[in-house]
Undergrad: 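I have a structure here, written as structure tokens, and I will follow up with some questions on it.
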Number of protein chains: 2
Amino acid sequence: MAASSAEERLARWTTALQQRGYRLTVARRAVLEVLASSDRALEATQIFDVARKRYARLGLVTVYRTLETMLTLGLVQRVHCDAQCATYVATEPGHQHLLVCRRCGRVWYFSGDDLEDLMHTVASESGFAVEDHWLQLVGLCAECRRAEEESDEERKRAPLSYSQQK
Amino acid sequence: MAASSAEERLARWTTALQQRGYRLTVARRAVLEVLASSDRALEATQIFDVARKRYARLGLVTVYRTLETMLTLGLVQRVHCDAQCATYVATEPGHQHLLVCRRCGRVWYFSGDDLEDLMHTVASESGFAVEDHWLQLVGLCAECRRAEEESDEERKRAPLSYSQQK
DNA sequence: GTGATTGCAAAGCGTTTGCACCGTA
DNA sequence: TACGGTGCAAACGCTTTGCAATCAC
């Protein structure tokens with residue numbers, strides 16, 4: 001449960017960036033410092049407001065671009081915020097979770113009873129009163145698995161088809 | 001895992017709406033029918049495009065308003081779509097999940113090892129190849145629990161404070 | 001009849017893009 | 001020096017709001 005310190009994160013991040021050939025600019029560093037030292041999830045504009053105090057010439061666009069880079073490198077993650085998710089499915093009676101196929105987009109429901117134990121463990125260890133939870137699995141449904149395997153086969157048989165695809 | 005049929009859903013939904021005093025208009029019904037018969041998550045504009053084929057005078061605004069009503073009644077749910085979630089936190093090394101305090105907004109990390117079993121169960125039952133999962137718990141952190149309890153106490157002592165709040 | 005609901009148009013907001021300039025490696 | 005990175009302004013797309021007309025009850 002113990003998180004890294006802001007310094008640890010910054011050191012890790014600057015190394016990760018430089019190793020991959022990214023430059024360490026003043027603007028980028030200002031954004032990183034804000035993210036590394038925050039104990040809560042921030043929006044781009046919030047990062048912008050704080051980071052600008054360190055580096056007044058910072059542009060909001062750079063915040064967006066830095067965030068994208070950080071996401072790509074797996075150094076930051078998005079936090080689920082229900083209000084921003086803009087696709088909808090019917091609920092099924094009873095508390096259920098979603099299984100989404102990343103290929104065909106279809107959705108299935110499953111019960112998450114097994115989650116109770118986990119939630120109790122987390123609650124007792126952290127002192128949290130867990131009120132709600134969000135669980136969603138993403139993968140390939142049985143049908144799309146077969147379809148992907150078939151297209152893999154095809155590629156092996158006719159490797160040129162790669163270049164034939166747009 | 002078995003989902004309701006579109007007809008079942010529609011019947012359930014119209015009852016739920018009418019019981020709460022919502023009117024069953026042509027526009028609303030068109031939106032419900034699209035949602036009830038879809039096996040995948042839809043965006044507002046997608047619902048609009050399909051529903052408009054049934055009822056050409058439908059406006060996109062009505063889709064948004066109907067979705068909001070349905071959410072309020074718990075008849076549809078939002079699906080997590082990473083790209084749309086616009087708050088960010090640092091990742092912690094190792095695969096970890098988030099615990100978010102709904103009051104102070106702070107974020108903690110916890111390991112979700114217990115999830116493995118659940119994912120295997122789901123995978124074997126459904127034929128899914130689970131590739132990724134999304135788990136997030138929301139609640140009150142220890143500190144905010146105490147703070148809320150205290151303010152509850154205050155309210156009991158001085159009930160008038162309710163009206164004093166803006 | 002009447003109050004909830006609708007649809008249009010316009011405003012609002014967060015995010016992305018084009019492009020010339022700048023600064024890191 | 002070269003090229004990755006930046007910041008401005010404008011474009012963009014989704015969502016919300018104001019308001020008069022409409023329709024379900």
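Fair warning: this is a prediction, and the values are worked out from it, not measured in the lab. Residue numbers start from 1 in every chain, and the chains themselves are labelled A, B, ... in the order their sequence lines are given, proteins ahead of strands.
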Undergrad: For a side-chain hydrogen bond (donor to acceptor under 3.5 Å, both in side chains) check, start with the C-alpha distance between A/Thr87 and B/Arg78, then their side-chain angles and the critical distance, and finish with the verdict.
TA: CA-CA 6 Å; A/Thr87 60; B/Arg78 293 174 191 268; over 6 Å; no
Undergrad: Apply ring-ring contact (aromatic ring centres under 6.0 Å, His included) to A/Tyr88 and list each qualifying residue two or more places apart in sequence or on a separate chain.
TA: none
Undergrad: Output one letter per nucleotide in nucleotides 15-24 of chain D: B when a protein non-hydrogen atom lies under 4.0 Å from the base, S when only the sugar-phosphate is that close, - when neither is.
TA: BBB-----SB
Undergrad: Return a table of donor-acceptor pairs under 3.5 angstrom between the side chains of residues 21-30 of chain A and protein atoms on other chains or two or more places apart.
TA:
residue : atom : partner : partner atom : Å
A/Thr25 : OG1  : A/Arg28 : N            : 3.1
A/Arg28 : NH1  : A/Arg23 : O            : 2.7

Undergrad: Measure CD/B/Gln18 against C1'/D/dC25 and give the value in whole Å, please.
TA: 10 Å
Undergrad: Going by side chain to side chain donor-acceptor pair (under 3.5 Å), name the residues that satisfy it together with A/Glu149, two or more places apart in sequence or in a different chain.
TA: none
Undergrad: Between B/Arg106 and B/Glu143, does at least one N-O distance fall below 4.0 Å, as a salt bridge requires?
TA: yes
Undergrad: Atom CZ of A/Phe48 and atom P of D/dG7: how far apart are they, to the nearest Å?
TA: 9 Å
Undergrad: Tell me, which pairs form a side chain to side chain donor-acceptor pair (under 3.5 Å) where one or both residues lie in residues 49-62 of chain A, sequence neighbours left out?
TA: A/Glu33-A/Arg54
Undergrad: Classify the angle between the aromatic ring planes of A/His97 and A/Phe110 as parallel (below 30°), tilted (30 to 60°) or perpendicular (above 60°).
TA: tilted
Undergrad: Does A/Leu35 offer a backbone N or O that forms a donor-acceptor pair with the side chain of A/Ser38 under 3.5 Å?
TA: no
Undergrad: Mind checking which nucleotides bracket the chain A contacts on DNA chain C, 5' to 3', with an atom under 4.0 Å from a heavy atom?
TA: C/dG14 to C/dA25
